**Student:** 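Handing you this structure, nothing more for now.
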Amino acid sequence: PSAVAFGILSSDQAIMRMDNSGKVIVAMSTGNHGQSLETTIPQIVAEHLGCNIDDVLLVQGNTESSPTGPGTGGSRSAVVAGGAAMTAALKLKDKIVQIAAHMLEASPEDMEVNASVVSVKGTPAKALPFAMIAPLAYQMPEMLPPGMEMGLEVTARFQPAGQYTWSNATHVCTVEIDPETGMTKILRYIVSEDCGRMVNPMVVEGQIAGGVVQGIGGVLFENMVYDDDGNPLATTFLDYLIPTAPEVPDIEVGHIVTLAPGLTGFKGMGEGGAIASPPCLANAIHDALRHLGVHPTTFPLGPSQLLTLINEAKQV
């Protein structure tokens, strides 16, 4: 289960405003810490509003301007915050289309929006760019449809259809262990994952790669050692080892898409790399040493630990 939605985690809000130049500012409670929300949220807005992604600015986690919300966590950003951004974008698009249709003396149903321009279907010459519609909305109420409120500012709060989205990932790897040094080499690593509709495949694969490398570190390298008095002995990266580029294989990723129920079809995917990678790698190491009678049960499984296990098995 991902994108857990209960209590304050159940919803997020987007405050969206188009300024006089046609640029879009989106304020949300999210707090990016490496999952590329500055890319994915504007991408969602651009797709559903019909504007250029470069025209969208995300302001997040600012207590002076952002709406009340739980922030980022639990793989909820695309599902809940993305849903709020999508809903707000559709509301703002509807108002922009109504204004353009009124100005062009056409029906709103006959309008299309693309690249920050509203045009009449089949008649591209009859068009208005956002940069022309926006100042009208703020400065010329007589040009708006009857009864329409001035301005281009919308607020949308989104709550997903269920309490969870159900993400999936399967990891497979092949390793080679040098019996003389205990060094493990990862020959191939494959991930098949399903995070529902993908906003940005590159971002998805980046998070998977980060999670897999986190798992590699936990299995092969990272070890927080203490003395009998509880003092940490691994106080620098000379003592606390982490994986670097030579230790990380090319990670092959295959995407399967089954849509989550509700508006967006998104599922959480932040844990898809980190949860499965430790048991996948540990089981591969176990399989490689099985014929020696070695059955590792603790981490890390670095060269010294594996050599110790191999030597102990030889003495049995």
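Both backbone and side-chain heavy atoms feed into the values below; hydrogens, waters and symmetry mates do not. Just so you know, these numbers come straight off a predicted model, no measurement behind them.
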**Student:** Is the shortest side-chain N to carboxylate O distance from D12 to R76 below 4.0 Å?
**Tutor:**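 Answer for the salt bridge query: yes.
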**Student:** Assess whether side-chain contact (heavy atoms from CB on, under 4.5 Å) is satisfied between V26 and V59, documenting all intermediate values.
**Tutor:** CA-CA 6 Å; V26 188; V59 178; over 6 Å; no
**Student:** Checking the side chain of K95 only, and the main-chain atoms of G151 only, is there a donor and an acceptor separated by less than 3.5 Å?
**Tutor:**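 Yes; judged by distance alone, with no hydrogens or angles, the pair exists.
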**Student:** Would a distance-only check, ignoring hydrogens and angles, find a side-chain to backbone donor-acceptor pair under 3.5 Å from S29 to G61?
**Tutor:**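 Judged by distance alone, no pair lies under 3.5 Å.
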**Student:** Can you list the steps and then say if F130 with V117 is a side-chain contact (heavy atoms from CB on, under 4.5 Å)?
**Tutor:** CA-CA 6 Å; F130 286 4; V117 176; over 6 Å; no
**Student:** Treat each ILVMFWY residue as a node, draw an edge where side-chain heavy atoms are under 4.5 Å apart, and state whether M148 and M140 are in one component.
**Tutor:**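 Yes, it is one cluster - the side chains of M148 and M140 are joined through contacts under 4.5 Å.
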**Student:** Would you find more than 12 non-hydrogen atoms of other residues, nucleotides or ligands less than 6.0 Å from M202 atom CE?
**Tutor:**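 No, not enclosed.
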**Student:** Any heavy-atom pair between the side chains of Y240 and N223 that's under 4.5 Å?
**Tutor:**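 A side-chain contact is absent here, since even the closest heavy-atom pair is not under 4.5 Å.
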**Student:** Walk me through whether V113 and I96 qualify under side-chain contact (heavy atoms from CB on, under 4.5 Å).
**Tutor:** CA-CA 9 Å; V113 185; I96 291 170; 5.8 Å; no
**Student:** Check G69 against I8 and note the closest heavy-atom contact, atom names and distance.
**Tutor:**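 Smallest heavy-atom distance, with atoms named: C-CD1, 4.4 Å.
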**Student:** Would you say CG of D227 has more than 12 non-hydrogen atoms from neighbouring residues, nucleotides or ligands within 6.0 angstrom?
**Tutor:**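 Buried by this count: over 12 neighbours within 6.0 Å.
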**Student:** Looking at K91 and T155, would you say the former's side chain and the latter's main chain have a donor-acceptor pair under 3.5 Å?
**Tutor:**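 The answer is yes, because a donor-acceptor pair under 3.5 Å joins these two groups.
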**Student:** Donor-acceptor pair, S75 side chain versus G270 backbone, under 3.5 Å?
**Tutor:**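 Looks like yes, one N/O pair under 3.5 Å.
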**Student:** Salt bridge check, R290 against D287: does any charged N sit closer than 4.0 Å to a carboxylate O?
**Tutor:**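 Result for this pair is yes, salt bridge flagged.
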**Student:** Apply side-chain contact (heavy atoms from CB on, under 4.5 Å) to L49 and M18, showing your working.
**Tutor:** CA-CA 11 Å; L49 182 57; M18 180 177 289; 4.3 Å; yes
**Student:** Quick one: CG on L58 to CD on E38, what's the gap to the nearest 0.5 Å?
**Tutor:**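 Going from CG on L58 over to CD on E38, the span is 6.5 Å.
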**Student:** Run T72 and N32 through side-chain hydrogen bond (donor to acceptor under 3.5 Å, both in side chains) and show every step you take.
**Tutor:** CA-CA 7 Å; T72 297; N32 181 64; over 6 Å; no
**Student:** Does the side chain of Q139 pick up a donor-acceptor pair with the side chain of N20 at under 3.5 Å?
**Tutor:**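 Per modelled atom types, Q139 and N20 side chains form a pair under 3.5 Å.
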**Student:** Report the distance from atom CG of L90 to atom NZ of K93, rounding to the nearest 0.5 Å.
**Tutor:**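 Rounded to the nearest 0.5 Å, the CG-NZ separation comes out at 7.0 Å.
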**Student:** Do M103 and M150 belong together in a cluster built from hydrophobic side chains that touch within less than 4.5 Å?
**Tutor:**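 Same cluster.
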**Student:** Identify which one of E205, M269, H255 satisfies the side-chain contact (heavy atoms from CB on, under 4.5 Å) criterion when paired with M198.
**Tutor:**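 The residue from E205, M269, H255 that satisfies side-chain contact (heavy atoms from CB on, under 4.5 Å) with M198 turns out to be H255.
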**Student:** Can you tell me if E47 uses its side chain to pair, donor with acceptor, with the backbone of I44 under 3.5 Å?
**Tutor:**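 Answer holds: no.
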**Student:** Parallel, tilted or perpendicular, judged at 30° and 60°: which one describes the rings of H171 and Y189?
**Tutor:**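 Plane angle over 60°, so perpendicular.
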**Student:** For a salt bridge (Lys or Arg N to Asp or Glu O under 4.0 Å) check, start with the C-alpha distance between K185 and D178, then their side-chain angles and the critical distance, and finish with the verdict.
**Tutor:** CA-CA 8 Å; K185 181 179 181 181; D178 186 330; over 6 Å; no
**Student:** For K267 and V79, indicate whether the former's side chain and the latter's backbone hold a donor-acceptor pair under 3.5 Å.
**Tutor:**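 No, the answer is negative, given that no donor and acceptor are paired below the 3.5 Å cut-off.
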**Student:** Compare every heavy atom of A100 with every heavy atom of L128, then report the nearest pair and how far apart it is.
**Tutor:**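 Taking every non-hydrogen atom into account, CD1-CA, 4.0 Å.
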**Student:** State plainly whether one hydrophobic cluster holds both L301 and L292, where clusters connect Ile, Leu, Val, Met, Phe, Trp and Tyr through side-chain heavy atoms under 4.5 angstrom apart.
**Tutor:**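 As far as the 4.5 Å side-chain criterion goes, L292 and L301 are connected within one cluster.
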**Student:** How about CD on Q214, more than 12 heavy atoms from neighbouring residues, nucleotides or ligands closer than 6.0 Å, or not?
**Tutor:**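 Atom CD in Q214 is not packed in, count stays at 12 or less.
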**Student:** One pair to check against side-chain hydrogen bond (donor to acceptor under 3.5 Å, both in side chains): T308 and N311. What are the steps and the verdict?
**Tutor:** CA-CA 5 Å; T308 298; N311 291 331; 5.9 Å; no
**Student:** Is the side chain of S116 donor-acceptor paired with the backbone N or O of C51 at a distance under 3.5 Å, no angle test?
**Tutor:**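 Here the side-chain-to-backbone pair does not exist.
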**Student:** State the CZ-CD distance between F221 and E247, to the nearest 0.5 angstrom.
**Tutor:**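 One finds 4.5 Å between CZ of F221 and CD of E247.
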**Student:** If you take all heavy atoms of A260 and T165, which pair is closest and at what distance?
**Tutor:**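 Minimum heavy-atom contact is CB-CG2, 4.1 Å.
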**Student:** Of the non-hydrogen atoms in P1 and Y164, which two are nearest, and what is the gap between them?
**Tutor:**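 Closest approach of P1 to Y164: CB-CD2, 3.5 Å.
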**Student:** For side-chain hydrogen bond (donor to acceptor under 3.5 Å, both in side chains), just list the numbers for T170 and S192, CA-CA rounded to whole Å, side-chain angles, deciding distance to a tenth of an Å, and then say yes or no.
**Tutor:** CA-CA 5 Å; T170 298; S192 176; 5.8 Å; no
**Student:** More than 12 foreign heavy atoms under 6.0 Å from CE of M132: is that the case here?
**Tutor:**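 No, because the 6.0 Å sphere around CE of M132 holds 12 heavy atoms or fewer from other groups.
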**Student:** In terms of heavy-atom contacts, does CD of E64 have more than 12 from other residues, nucleotides or ligands at under 6.0 Å?
**Tutor:**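 Not buried by this count: 12 neighbours or fewer within 6.0 Å.
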**Student:** With D19, which residues qualify under salt bridge (Lys or Arg N to Asp or Glu O under 4.0 Å), at least two apart?
**Tutor:**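 Checked D19 against salt bridge (Lys or Arg N to Asp or Glu O under 4.0 Å); zero matches.
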**Student:** Hey, does the side chain of E193 reach the backbone of C195 with a donor-acceptor pair shorter than 3.5 angstrom?
**Tutor:**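 Present.
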**Student:** Would you check if the side chain of Q35 reaches a backbone N or O of H33 as a donor-acceptor pair within less than 3.5 Å?
**Tutor:**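 Yes; judged by distance alone, with no hydrogens or angles, the pair exists.
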**Student:** Ignoring hydrogens and angles, tell me if any N or O in the side chain of H286 forms a donor-acceptor pair with the backbone of A282 under 3.5 Å.
**Tutor:**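 Not a single qualifying donor-acceptor pair exists.
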**Student:** Please evaluate residues Q60 and T30 with respect to the criterion side-chain hydrogen bond (donor to acceptor under 3.5 Å, both in side chains), reporting the C-alpha separation (whole Å), side-chain torsions for both, the decisive distance (0.1 Å), and the verdict.
**Tutor:** CA-CA 5 Å; Q60 54 181 336; T30 55; 2.7 Å; yes
**Student:** Assess, by modelled atom type and distance only, whether the side chains of N200 and S36 contain a donor and an acceptor separated by less than 3.5 Å.
**Tutor:**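 Not at all, the side chains of N200 and S36 share no donor-acceptor pair under 3.5 Å.
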**Student:** About how many Å separate CD of E222 and CD1 of I216, when rounded to the nearest 0.5 Å?
**Tutor:**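 Between I216 CD1 and E222 CD, I get 10.5 Å after rounding to 0.5 Å.
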**Student:** Which pair of heavy atoms, one from M28 and one from S66, lies closest together, and at what distance?
**Tutor:**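 The answer is O-OG, 2.9 Å.
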**Student:** Measure the CG-OG1 distance between L92 and T87 for me, rounded to the nearest 0.5 Å.
**Tutor:**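 Answer rounded to 0.5 Å: 12.5 Å.
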**Student:** Could you tell me the separation between the OG1 atom of T264 and the CE atom of M86, rounded to the nearest 0.5 Å?
**Tutor:**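 Going from OG1 on T264 over to CE on M86, the span is 5.5 Å.
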**Student:** Kindly give the heavy-atom pair with the smallest separation between G215 and S277, and that separation in Å.
**Tutor:**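 Nearest pair, atom of G215 first, then S277: CA-OG, 3.3 Å.
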**Student:** We want to know whether T174 and R188 form a side-chain donor-acceptor pair, criterion being a heavy-atom distance below 3.5 angstrom.
**Tutor:**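 No - no donor-acceptor pair under 3.5 Å links their side chains.
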**Student:** Hey, are K121 and D110 close enough for a salt bridge, meaning a charged N less than 4.0 Å from a carboxylate O?
**Tutor:**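 A salt bridge is absent here (no side-chain N lies under 4.0 Å from a carboxylate O).
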